[in-house]
Amino acid sequence: MNASTVADVLLIVAAVVWVLARQVQVARVKPRLLVLAPLVLAFFGIRSLPASTWRVPADLALLAVSAALSLGLGAWRGQTIKVWRDADGTWWRKGSVLTLVLWGVLIVARGLLYGVGVAVGHRDASDLGAVLVTLALSFAAQNTVIALRMNAAAPLPAGQPAGSQPAELAASRSTVIPSRLAAHDRLHTRRHERIQARRQERGERRETWR
C-alpha cells in the first residue's frame, strides 16, 4: 500500500465520519446542495475511474451492482430522515438510528464488492472512483426522496422558534429534563438546609460564650 493509497483511505474515512455525524444532527435543508453534492461526487468519481473500466464487462457488472445497492439504500435512507418546516418557511432535517444503520449496510456492501473486485482481478471497479460514484448515487436517491417529501411536510406550530425541533423529536427528552430539574432542586434544597444549620449552630455557640 503506497502513500497515495493511504491518503485516499484516510480521506474517505474522514469523509464518512463527517457525513455520518451530519446525518443525525438537526440541520437546515439547502436545496442547492441536494443537487450539487451528488453532481460533484459523480464528477470526481467518473473522472477517477480508468477509461478501461467502461469497456470491461466484469467492471461494468461490479459497477452496476454497486449502483443498484446505492440507489436502493439511498432511497430507503431518505424515508428515515425527518423533514419539517418552521413558521418562517425554513426547511430542516434530522436523521435517525436507522439512517446510520443503512449507511453502515452501504459501507459493508462496498467493502464486500471491493474484496470481490480484488479477488477477480478487477480492482479498478471498486477503487476510489467507484466509491465516489457510489456516494453520488446514494446521495442522489436520498436527496430525491427528501425533496419529494418536503411538499408533504406540515409546518411547525405558530410561534415555535425557527429551527426548533418538532414535538416528536423533543418527546424523547421530555422525561429526562424534568428529572434533571428535580435533582437540581433537591440538591439546592439540601445545600440551603446545611447553610441554615451551620448558621444556627454558630448562633448557639455565640449565645453560649456570652
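These figures come from a predicted structure and were not determined experimentally.
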Linking I/L/V/M/F/W/Y whenever their side-chain heavy atoms sit closer than 4.5 Å, directly or via other members, would Trp103 and Val105 fall into one cluster?
yes
Distance from Leu36 atom CG to Leu41 atom CG, nearest 0.5 Å?
11.0 Å
Quick check: closest heavy atoms across Ile146 and Gly78, and the distance to 0.1 Å?
CG1-O, 4.2 Å
Return the CG to CG distance between Leu148 and Asn143, rounded to the nearest 0.5 Å.
11.0 Å
Ala136 to Ala42 - nearest heavy-atom pair and separation:
CB-N, 3.4 Å
Answer yes if Val40 and Trp18 sit in the same cluster of Ile, Leu, Val, Met, Phe, Trp and Tyr residues linked by side chain heavy atoms under 4.5 Å apart, and no otherwise.
yes
Joint cluster assignment, Val97 & Leu100, ILVMFWY side-chain distance < 4.5 Å
yes
Please answer whether the main-chain N or O of Phe44 pairs with a side-chain N or O of Ser48 as donor and acceptor at a distance below 3.5 Å.
yes
Taking all heavy atoms of Ala141 and all of Leu71, pick out the closest pair and write down the distance.
CB-O, 3.4 Å
Roughly how far, to the nearest 0.5 Å, is CZ of Arg198 from CD of Glu193?
12.5 Å
For Leu69 and Leu113, which heavy atoms make the closest approach, and how far apart are they?
CD1-CD1, 4.3 Å
Look up atom CG in Leu132 and atom CZ in Phe43, then write down how far apart they are to the nearest 0.5 Å.
11.5 Å
Side-chain touch Ile81/Gln23, heavy atoms, less than 4.5 angstrom
yes
Any heavy-atom pair between the side chains of Phe139 and Leu33 that's under 4.5 Å?
no
Thr80 vs Val101, test: side chain to side chain contact (heavy atoms under 4.5 Å, CB included). Steps then yes/no.
CA-CA 10 Å; Thr80 67; Val101 171; over 6 Å; no
Is it possible for you to say whether Trp76 and Leu20 belong to one hydrophobic cluster, with membership spreading through side-chain heavy-atom contacts below 4.5 Å?
yes
Answer yes or no: is there a side-chain heavy-atom contact under 4.5 Å between Ser96 and Lys82?
no
Does any non-hydrogen side-chain atom of Pro38 lie less than 4.5 Å from one of Gln142?
no
Non-hydrogen atoms of Ala67 and Leu137 that approach each other most closely
CB-CD1, 3.5 Å
For a 4.5 angstrom cut-off between non-hydrogen side-chain atoms, does Trp54 reach Leu49?
yes
Looking at CG of Leu63 and OG1 of Thr134, how far apart are the two atoms once the value is rounded to the nearest 0.5 Å?
8.0 Å
Worked verdict on Trp84 versus Val26 for side chain to side chain contact (heavy atoms under 4.5 Å, CB included):
CA-CA 11 Å; Trp84 70 95; Val26 176; 4.0 Å; yes
Any side-chain to backbone donor/acceptor pair from Asp86 onto Asp88? Under 3.5 Å, distance only.
yes
State, with a plain yes or no, whether a side-chain heavy atom of Val133 is found less than 4.5 Å away from one of Ile46.
yes
Does atom CD (Gln200) have a neighbourhood of more than 12 heavy atoms from anything else shown, all under 6.0 Å?
no
Would a hydrophobic clustering, with Ile, Leu, Val, Met, Phe, Trp and Tyr connected at side-chain separations under 4.5 Å, put Val24 with Val145?
no
Does any part of the side chain of Val29, heavy atoms only, come nearer than 4.5 Å to the side chain of Met150, both counted from C-beta?
yes
In Å and rounded to the nearest 0.5 Å, what is the CG to CZ distance from Leu112 to Arg110?
10.0 Å
Which heavy atom of Arg28 sits nearest a heavy atom of Thr90, and at what distance?
NE-CG2, 3.5 Å
